[in-house]
2 protein chains.
Amino acid sequence: MAGRTNSPGQTVSGRLLSVLDCFSVARPALTLSEVARHSGLPVSTARRLIGELCAWGGLERTADGRYRIGMRLWTIGSLAPRQRDLREAALPYMHDLFQATKENVQLVVEEGGRALCIEKISSSRAVPTRTEVGGRLPLHATGVGKAILAFSPHELLAEVVAPGLARLTPQTITEPGRLARALREVRTAGVAYSYEEMTLGAVSVAAPVTLLGSGVCAALGIVAHSHTVVDRLAPAVRTAALGISRSIA
Amino acid sequence: MAGRTNSPGQTVSGRLLSVLDCFSVARPALTLSEVARHSGLPVSTARRLIGELCAWGGLERTADGRYRIGMRLWTIGSLAPRQRDLREAALPYMHDLFQATKENVQLVVEEGGRALCIEKISSSRAVPTRTEVGGRLPLHATGVGKAILAFSPHELLAEVVAPGLARLTPQTITEPGRLARALREVRTAGVAYSYEEMTLGAVSVAAPVTLLGSGVCAALGIVAHSHTVVDRLAPAVRTAALGISRSIA
């Protein structure tokens, strides 16, 4: 097969993509040897692929000799219609919600069994959160995650439960039966809560964004200081999520 | 060289990247044969590379059999620090400016001799613009572009002028000497205007965002209906751009 090299099972293209896979919100800048280690590639191969990616604009070299994602990849990635169309529809509602509450407003989709943050609006007054655009959070511990889980096919819950539910704080629901019961409540109420289950000091309330005929496609949530009476924010979040759902219909 | 195939001068990785290069704001979804045509690759090669990109999550197949950019590329692209850090610093100021004016607010950087839109805030009431996040506009015809040109090294202006200044509307400045004079005025005033030079019916005002020690790194602009007294908005735009500059310092 063209492009296949000595290493069994991985094509040259696969190696290039494995270089990109080394980067994440937690690892935004890496040295050559870190790329080689995380990708499992020989240093010489990693060096060559990094060189090609830099020449193309997919990676950039920083002053301290590390590599980070370049503008070309951002430009191409920004075309992804799943986030683009959703974000376009959601942003006006997110601004309204932020304006009304001054709390962190987040929009997430499910991706690989986790909550992937598409967009967030924040202010210096809002509670610090662990959410970053492009970052992933566990579904079972977050309001947005539970809003998605509750309205998704049962297979997703099974996939999330299978490896065990990680304990992020003493409040995290780690028992599958309790999670299932919590999700039934979410379905009844139409909103999901997280009470310091992801981050101590922070509570969240979230509602599903649904696409007519194909179910839940995202979730909109607010994350606030734990002293906030978060139930009070539920109608606002639900209204905004319904607005987004209607807007993308 | 490992990874090099029969085609002279293009590695397998290069071919993979040329598949990605086919996609743009103007061409967000493409068929296999369109990818082959735009990339110059044989259909069989394009098919194989598309298959690898789909398996990885960099491309997605749509219901009508076309391909579009997938969430994995968006996630990785969102890490690009140049847009990420700037966007993070700019968004609060952009929200304020939008709140105060209800007009289109745009943040751009220079990339490849064009104005690349990093972020925009818009509303249904604002004038329709040709700006999309991830899209590129000519520097010489836009307020944001002129704000960048005016405060960049002279080489950038030379690069922009060299291929000739495209006429977008009857108002576009296409004469290099006139553009240079306009940029001198921008340097004096600290703000740049475009009077229907990009789009008939739309005017813009923009100010440079500067990074201490390394000059202009972006521009912030407002695009409004052409009946708007855009000078009135200049202090607000300039104030917000200075705020962003201070915030990233």
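Letters go in sequence order (proteins before strands), and every chain restarts at 1.
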Query - Euclidean distance, A:R136 CZ relative to B:T75 OG1, rounded to 0.5 Å - result: 5.0 Å

Requested in this report: Taking all non-hydrogen atoms of both residues into account, name the closest pair between A:G70 and B:A80 and its distance.
Outcome: O-CB, 3.7 Å

Query - A:L49 CG to B:T11 OG1 distance, which is reported to the nearest 0.5 Å - result: 8.5 Å

Query - Nearest-0.5 Å distance that lies between atom CD in A:E88 and atom OG in B:S122 - result: 8.0 Å

Requested in this report: Measure B:P81 against the heavy atoms of chain A and call it side chain, backbone, both or neither at under 4.5 Å.
Outcome: both

Query - Winner by heavy-atom pair count (cut-off under 4.5 Å) against chain B, out of A:W56, A:F23, A:F98 - result: A:W56

Report task. Please state whether the side chain, the backbone, both or neither of B:L16 comes within less than 4.5 Å of a heavy atom of chain A. Result -> side chain

Query raised in the report: Hey, does the side chain of B:R84 reach the backbone of A:V133 with a donor-acceptor pair shorter than 3.5 angstrom?
Result: yes

Report task. For residues B:E52 and A:G14, report the shortest heavy-atom separation together with the two atoms involved. Result -> OE1-N, 3.6 Å

Report summary line: residues 100-118 of chain B vs chain A, non-hydrogen distance cutoff under 4.5 Å, contacting residues -> B:V109, B:E111, B:L116, B:C117, B:I118

Requested in this report: Tell me, out of A:L20, A:D21, A:L91, who's got the most heavy-atom pairs with chain B below 4.5 Å.
Outcome: A:D21

Query - B:R27 side chain near A:L79 side chain, heavy-atom distance below 4.5 Å - result: no

Query - Spacing of CD belonging to A:Q83 relative to OG belonging to B:S78, to within rounding of 0.5 Å - result: 8.5 Å

Query raised in the report: Which distance, rounded to the nearest 0.5 Å, do you find between the CE of B:M94 and the NE2 of A:H95?
Result: 8.5 Å

Requested in this report: Below 4.5 Å from any heavy atom of chain A, which atoms of B:Q99 appear? Answer side chain, backbone, both or neither.
Outcome: side chain

